[in-house]
Number of protein chains: 2
Amino acid sequence: MCVIISLTEENYLKAIYTLSHLFEESEVSTNQISDHLNNKAATVTDMLKRLAEKKLIHYIPYQGVKLTEKGRQTAIKVIRKHRLWEVFLVDKLQFKWDEVHEIAEQLEHINSDELIQRLDKFLGKPKFDPHGDPIPDANGQLNVVKAIPLNQHKIKGQFTFVGVCEHSKTFLQHLTSIGLKIGDVLKVEEINEFDNSFKVKINKNNSQFFSNKVASNILVEIKK
Amino acid sequence: MCVIISLTEENYLKAIYTLSHLFEESEVSTNQISDHLNNKAATVTDMLKRLAEKKLIHYIPYQGVKLTEKGRQTAIKVIRKHRLWEVFLVDKLQFKWDEVHEIAEQLEHINSDELIQRLDKFLGKPKFDPHGDPIPDANGQLNVVKAIPLNQHKIKGQFTFVGVCEHSKTFLQHLTSIGLKIGDVLKVEEINEFDNSFKVKINKNNSQFFSNKVASNILVEIKK
DNA sequence: CTTAAAATTTAGGCTAGTCTAAATTTTTGT
DNA sequence: ACAAAAATTTAGACTAGCCTAAATTTTAAG
Ligand SMILES: [Mn+2]
Ligand SMILES: [Mn+2]
Ligand SMILES: [Mn+2]
Ligand SMILES: [Mn+2]
């Protein structure tokens, strides 16, 4: 009934979940997992056999894997814990948004349903983590946000900054240094044909230039 | 310089620290550790060799072990984390004092100095955990509490309940069921020669009988 | 359709942490 | 002081997770 899932196995399941959504394909390949986790492909194959044994993934040799319902539930729960802990670290302990990921990578493996339920309540049942990523609910339901990178909007106008694609420390610090936070209003004033850079006003401040690389990692919704 | 210490190694160091204080002897034996951790003695011997290799313990085969300064610092830090997390679980998440130990056993291995420093501040730099155990400070200093079990006081009079010897769920639940909490005032009204049981008034309530077994696990200070 | 390249799996090996059984050392009782 | 008992260590084995090198399968290119 209640198979024990190790910390390592949880990380593989999370990787498979993340990759399948990243590439919008149901099947994830051995090499994709190997790249993502910085393990060798042979190591991944070993683990895939174990996960299949435990009925956490569907695995056809050479054809890639996808999560079973049980595997998906496990992955979602780890992601829920990760994001709730990130909210805790930022909202309660005043960490900056670029400092919390590594600590949450550890905390996400703490095993106690009661703990998560109480933490969720303590934090006010948040719907999003500090990076704008949606937090799955206790039943494993995840509100898919259909926000689009700023650079894919080819029109001038007003947008709300709701999340990031890139989660690296340097990128998050860069956004902080230009004074950009989740929820800010972005007014696109110019789009440069030449290098696809954007001239943007943040809230009511002075305008700045966003390179296409920056614009491609900023998720926005059209302002209502 | 900075040797990595595994979760398992941390648990051995904590066990050695705890046992050496429990029996008030500097040397801890292989069998004591083996009993405490529910591992076989041969397993313990293996680990002792590894800990000695890493200069975390002084180990003389057949003669027992004691912590080096580095080993002691590591153990104290784990205990500090354990007790701070217990305070968090009780004070912030409203867990009961008999529910937190297992979760803290996991949380104590989360590795981030910044996290502990901020958690400590968030909790108001508490000096004691929910069971009355002192919390080591950030420099590894531990205020040794010289509280004595109630049954060792052979006199009637007033005492303050400051901690427990026994930490089991059942014992803690028993204390809760008789309405006893840390900080309560205990007025010993009778000591029965026959079975060494105690007639005690908690705060200003009705008197109750404490068996000697209960009295031996309740740490008290003489009321000032 | 055939073959070279890429992806994946298999084979064999390593470490940490556990075990059982056997050997060794220390302690204890007379 | 010495034998029996208790404590401890050694020897050998196992699993989870990792690796490299070699074999196999799939994919892509001509
Ligand atoms: Mn994160
Ligand atoms: Mn996040
Ligand atoms: Mn505890
Ligand atoms: Mn405690």
Side-chain angles (χ1 to χ4, degrees), chain A residues 2-16 19-20 22-23 25-66 71 74-75 78 105-106 108-109 111, chain B residues 2-16 19-20 22-23 25-66 71 74-75 78 105-106 108-109 111:
Chain A
C2 185
V3 187
I4 288 156
I5 298 169
S6 74
L7 181 151
T8 311
E9 288 167 338
E10 285 190 346
N11 282 335
Y12 273 86
L13 294 175
K14 191 169 58 133
I16 294 166
L19 290 166
S20 73
L22 200 57
F23 298 107
E25 278 172 29
S26 70
E27 306 280 321
V28 176
S29 75
T30 302
N31 271 1
Q32 284 174 329
I33 300 169
S34 144
D35 282 0
H36 191 76
L37 296 177
N38 288 305
N39 279 338
K40 298 297 166 180
T43 304
V44 173
T45 302
D46 275 358
M47 180 57 88
L48 295 183
K49 284 190 254 178
R50 264 175 277 154
L51 293 174
E53 195 70 40
K54 289 189 175 184
K55 311 275 188 216
L56 294 163
I57 59 173
H58 298 291
Y59 171 48
I60 305 168
Y62 296 102
Q63 304 301 305
V65 295
K66 68 182 173 197
T74 306
V78 174
E105 286 288 305
Q106 298 181 60
E108 73 188 5
H109 302 290
N111 184 359
Chain B
C2 185
V3 187
I4 288 157
I5 298 169
S6 73
L7 180 150
T8 311
E9 289 168 337
E10 285 190 344
N11 282 336
Y12 274 87
L13 294 175
K14 192 170 59 131
I16 295 166
L19 290 166
S20 72
L22 200 57
F23 299 107
E25 277 171 30
S26 68
E27 305 282 322
V28 175
S29 74
T30 302
N31 271 359
Q32 285 175 329
I33 300 169
S34 143
D35 282 0
H36 191 76
L37 296 178
N38 288 306
N39 278 337
K40 298 297 165 182
T43 306
V44 173
T45 301
D46 275 358
M47 180 56 88
L48 294 182
K49 284 190 255 180
R50 264 173 277 154
L51 293 174
E53 195 71 41
K54 289 189 174 182
K55 311 274 187 214
L56 294 163
I57 59 173
H58 299 290
Y59 171 48
I60 306 170
Y62 296 101
Q63 304 300 304
V65 295
K66 69 182 174 197
T74 307
V78 174
E105 286 289 305
Q106 297 181 60
E108 72 188 5
H109 301 291
N111 185 359

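Protein chains get the first letters and strands the later ones, always in sequence-line order, with residue 1 at the start of each. Bear in mind the structure is a predicted one, so any value in this text is a computation, not a measurement.
- B:Leu51 has its CG atom 13 Å from the P atom of D:dT9, to the nearest Å.
- The CG-C1' distance, from A:Asn31 to D:dT25, rounds to 14 Å in whole Å.
- Here the closest heavy-atom approach between residue B:Ala75 and residue B:Leu13 is recorded as CB-O, 3.7 Å.
- Atom pair B:Glu10:CD and C:dA16:C1' shows a separation of 15 Å (rounding to whole Å applied).
- Protein atom CD1 of B:Ile33 is 14 Å distant from nucleotide atom C1' of D:dT9, rounded to whole Å.
- Rounded to an integer number of Å, the gap from A:Ile5 CD1 to D:dA16 P is 14 Å.
- Per the geometry, CG belonging to A:Asn11 stands 14 Å off C1' belonging to D:dC18, to the nearest Å.
- Rounding to whole angstrom units, CG of residue B:Leu7 and C1' of C:dG17 are separated by 12 Å.
- Contact annotation: B:Ser6 side-chain N/O to C:dG17 OP1/OP2 distance is under 4.0 Å.
- Across all strands, B:Thr30 comes closer than 4.0 Å only to sugar-phosphate atoms, never to a base (heavy-atom distances).
- Considering CG of B:Asn38 and CD1 of B:Ile33, their distance stands at 13.5 Å, rounded to 0.5 Å.
- More than 12 non-hydrogen atoms from other residues, nucleotides or ligands lie less than 6.0 angstrom from CD of B:Glu105.
- Regarding contacts with the backbone of C:dT9, every side-chain N or O of A:Lys49 stays at 4.0 angstrom or more from both OP1 and OP2.
- An OP1 or OP2 oxygen of D:dA16 is reached within less than 4.0 angstrom by no side-chain nitrogen or oxygen of A:Thr8.
- For the OP1/OP2 pair of C:dG17 and a distance below 4.0 Å, the side-chain nitrogens and oxygens of B:Asn39 include no atom meeting the criterion.
- Around the NZ atom of A:Lys54, the shell of radius 6.0 Å holds more than 12 heavy atoms that belong to other residues, nucleotides or ligands.
- In this structure, CD in B:Glu25 is found 12.0 Å from NZ in B:Lys66, a value given to the nearest 0.5 Å.
- A donor-acceptor contact under 3.5 Å links the side chain of A:Asp46 to the base of D:dC18.
- A close approach under 4.0 Å does not occur between any side-chain nitrogen or oxygen of B:Tyr62 and OP1 or OP2 of D:dA6.
- At whole-Å resolution of the value, CG in B:Asp35 and P in D:dA6 are 15 Å apart.
- For the pair A:Thr43 and D:dC18, the criterion of a side-chain N or O lying under 4.0 Å from OP1 or OP2 is not met.
- At the phosphate of C:dA16, neither OP1 nor OP2 sits under 4.0 Å from any side-chain N or O atom of B:Tyr12.
- Each of A:Glu9 and B:Ala41 was assigned the nucleotide of DNA chain D with the nearest heavy atom; the assignment lying further toward the 5' end belongs to B:Ala41.
- OP1 or OP2 of D:dG17 sits under 4.0 Å from a side-chain N or O of A:Arg50.
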